[in-house]
Each structure stands twice: as C-alpha cells, then as structure tokens.
Amino acid sequence: MTRQKIQIKKIENTTARQVTFSKRRKGLLKKAQELSTLCDAELALIVFSTTGKLFEYSSTSVKQVIERHDLHLQNHDRLESPPSLELQLETGKVASLRKEIAQRTRELRQIRGEELQELSLEELKQLEKLVEGSLNHVVKTKDEKFVNEIGALKRKGAQLMEENQKLNQQVRISNSSTERQLLEQAGQPSESITNTSSSADHPQDYDCSAISLKLGLHLP
C-alpha cells in the first residue's frame with residue numbers, strides 16, 4: 001500500500017490543523033538544526049501559530065541574524081543603486097586628468113627623442129620647431145647668467161682693489177707713526193723727525209736717512 005500524496009492546501013478542520021502544525025513544526029525545527037550543524041550555516045527560524053504563539057530556533061542569536069540580514073540588504077541596495085551626480089562628475093574629472101597626464105607624458109618623451117615613429121611628417125616638423133625654440137631659450141638664459149656672473153666678479157674685483165688701497169694707506173700711516181715714536185725716543189730733533197716722516201712717501205730716501213741717523217753720520 002503506497003502513501004497518498006497530501007494536497008497542499010489549508011486544512012479546514014481546526015483540530016486536524018493544530019495536530020498537523022505540531023508535527024510539522026517539530027520536523028521543521030529539527031531540519032533547521034541539522035542544516036546548521038552539517039553545513040555550519042548561520043540561520044534563524046521564527047514561526048507564529050494561528051493562535052499567536054511564537055516558536056523560534058537560531059544557530060547563534062535570532063537578533064544577531066536579523067541584524068546581519070538588514071546590513072546585507074543595505075549593502076546590496078547601495079551597490080545596486082546608480083551613482084550620484086557628484087560621483088559621476090568626480091569620476092569624469094579623474095578620467096580627464098588621467099588622459100591629460102598620458103598626453104603630457106607622451107609629449108615629454110617625444111621631446112626627448114622617444115616614440116617618434118608614430119608621428120606624421122607634419123607633427124615631426126612642429127616638434128622640431130618646438131625643440132629649436134626651447135633650445136634658443138635655454139641658450140639665451142645661459143648667456144644672461146654668464147653676463148650676470150661676469151659683472152658680479154668685476155664688481156667684487158673693484159671692491160677688493162679699493163679695500164687693498166685702504167689697507168696700504170693704513171699701513172703707511174701706521175709705519176709713519178711708529179717711525180715718529182722711535183725717533184722721539186732716540187732724542188732726534190724735530191726737524192729730523194719731520195724729514196723722516198715726509199720720507200715715508202719715498203722709501204729709498206727714508207732708508208738712507210734712517211741708517212745715517214742711527215749711525216750718527218752726516219748726510220751729504
């Protein structure tokens with residue numbers, strides 16, 4: 001005798017419906033527990049009877065499973081929703097900047113003499129004019145820097161010469177003062193001191209006078 005297939009529809013008899021609910025509920029909860037254990041699945045089962053009685057089962061926590069379910073729906077909706085206008089504008093701007101960077105990089109390589117095979121004859125002529133103009137600008141800037149450096153060196157040389165003259169003058173004044181003090185200490189007359197001081201501008205005359213004075217000789 002084969003089992004008859006029960007037609008899936010609402011059981012009209014209240015008693016039979018409650019008995020069927022009790023049997024099926026226990027089997028459902030058992031299958032949920034087996035599924036969680038065998039497959040390591042996180043699940044929650046909530047059942048309300050016609051009388052309003054609650055039956056539930058959860059592998060972890062019903063609240064935790066429900067929160068995870070809501071979070072998954074939010075992420076899914078966010079991914080499925082079309083991008084905002086602001087995001088679209090930002091994406092377009094980034095794409096434009098990337099395109100411009102690629103173009104400038106290619107132009108720089110071509111100026112360096114790379115990737116020239118893909119250029120046409122007209123583009124090569126334009127590139128040649130660009131390189132010539134850049135080279136002329138570089139040469140002009142270099143010449144200007146040379147002129148500026150030469151001028152600075154000349155000014156520095158003139159300043160050093162002026163300082164040298166000042167130092168020589170200070171040395172002559174210092175020597176003259178020292179010689180005057182030495183003659184005064186030696187007891188020479190003021191006329192000799194004056195002659196000695198005036199001879200500072202004539203080193204040869206000064207040398208002879210100084211030697212004669214020290215030796216006590218008369219000059220011719």
Side-chain angles (χ1 to χ4, degrees), residues 1-138 141 145:
M1 183 176 179
T2 59
R3 296 181 57 182
Q4 294 181 354
K5 188 175 181 180
I6 300 177
Q7 187 179 4
I8 304 300
K9 66 177 183 178
K10 182 180 178 180
I11 300 175
E12 297 297 337
N13 187 281
T14 304
T15 303
R17 186 166 64 241
Q18 290 178 352
V19 172
T20 302
F21 174 78
S22 178
K23 292 180 179 180
R24 298 274 180 134
R25 172 179 56 80
K26 293 179 181 180
L28 181 62
L29 295 176
K30 183 179 180 181
K31 291 295 183 183
Q33 183 180 6
E34 292 176 355
L35 179 63
S36 174
T37 303
L38 295 175
C39 302
D40 194 23
E42 185 177 5
L43 59 88
L45 176 62
I46 301 175
V47 180
F48 287 97
S49 65
T50 54
T51 59
K53 191 174 181 180
L54 171 64
F55 301 93
E56 64 179 16
Y57 169 78
S58 174
S59 58
T60 54
S61 169
V62 175
K63 182 178 180 181
Q64 180 179 343
V65 175
I66 293 175
E67 290 177 352
R68 182 176 180 182
H69 172 267
D70 294 340
L71 181 61
H72 175 76
L73 289 179
Q74 293 176 5
N75 294 335
H76 184 269
D77 294 340
R78 188 180 298 110
L79 294 175
E80 292 295 330
S81 60
S84 61
L85 179 60
E86 183 179 356
L87 181 59
Q88 292 178 5
L89 292 175
E90 290 295 332
T91 303
K93 186 183 295 183
V94 170
S96 177
L97 289 175
R98 287 179 178 175
K99 185 177 179 180
E100 184 176 358
I101 290 173
Q103 177 68 20
R104 298 302 181 187
T105 303
R106 184 169 63 253
E107 292 178 356
L108 180 59
R109 290 176 179 174
Q110 291 171 353
I111 291 176
R112 292 176 178 175
E114 304 173 1
E115 300 181 5
L116 301 179
Q117 298 299 328
E118 59 184 12
L119 297 179
S120 63
L121 181 59
E122 186 64 27
E123 290 175 341
L124 287 173
K125 290 180 179 179
Q126 294 178 359
L127 180 61
E128 183 181 9
K129 292 181 180 179
L130 177 62
V131 173
E132 289 178 353
S134 300
L135 181 59
N136 292 334
H137 182 68
V138 171
T141 304
K145 286 188 176 294

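Just so it is clear, the structure is predicted and the values come from calculations on it, not from any experiment.
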Q: List for me each residue that meets side-chain hydrogen bond (donor to acceptor under 3.5 Å, both in side chains) alongside Ser61, sequence neighbours excluded, and say none if there are none.
A: none
Q) So do Arg68 and His72 actually touch side chain to side chain, heavy atoms under 4.5 Å? A) no
Checking [X] now: which residues fulfil side-chain contact (heavy atoms from CB on, under 4.5 Å) with it, not counting sequence neighbours?
X      : answer
Ala95  : none
Thr37  : Gln33
Lys125 : Leu121, Glu122
Ser96  : none

Q. Tell me the ring pair (Phe, Tyr, Trp, His ring centres under 6.0 Å) pairs involving residues 105-136, sequence neighbours left out?
A. none
Q | Contact list for residues 16-59, test ring pair (Phe, Tyr, Trp, His ring centres under 6.0 Å), sequence neighbours left out | A | Phe21-Phe55
Once salt bridge (Lys or Arg N to Asp or Glu O under 4.0 Å) is applied, do any residues pair with [X], and if so which ones, sequence neighbours excluded?
X      : value
Arg104 : Glu107
Arg17  : none
Glu67  : none
Arg25  : none

Interatomic spacing from [atom1] in [X] to [atom2] in [Y] - rounded to 0.5 Å:
X      : Y      : atom1 : atom2 : answer
Leu45  : Leu28  : CG    : CG    : 5.0 Å
Lys129 : Leu124 : NZ    : CG    : 12.5 Å
Asn136 : Thr141 : CG    : OG1   : 10.5 Å
Leu135 : Leu130 : CG    : CG    : 11.5 Å
Gln18  : Ile11  : CD    : CD1   : 11.0 Å
Gln64  : Ser58  : CD    : OG    : 7.5 Å

Search all heavy atoms of [X] against all heavy atoms of [Y] and return the closest pair with its distance.
X     : Y     : result
Thr60 : Glu42 : OG1-OE2, 3.2 Å
Leu43 : Ala32 : CD2-O, 3.7 Å
Ser49 : Thr51 : OG-OG1, 2.8 Å
Ser36 : Ser59 : OG-CB, 3.0 Å

Q) Does any pair with a residue in residues 50-60 pass salt bridge (charged side-chain N to carboxylate O under 4.0 Å, His left out), and if so which ones, sequence neighbours excluded? A) none
Q: Would you indicate whether Asp40, at its atom CG, is surrounded by more than 12 heavy atoms from other residues, nucleotides or ligands within a distance under 6.0 Å?
A: no
Q | Verdict with reasoning, Ile111 to Leu127, per side-chain contact (heavy atoms from CB on, under 4.5 Å) | A | CA-CA 7 Å; Ile111 291 176; Leu127 180 61; 3.9 Å; yes
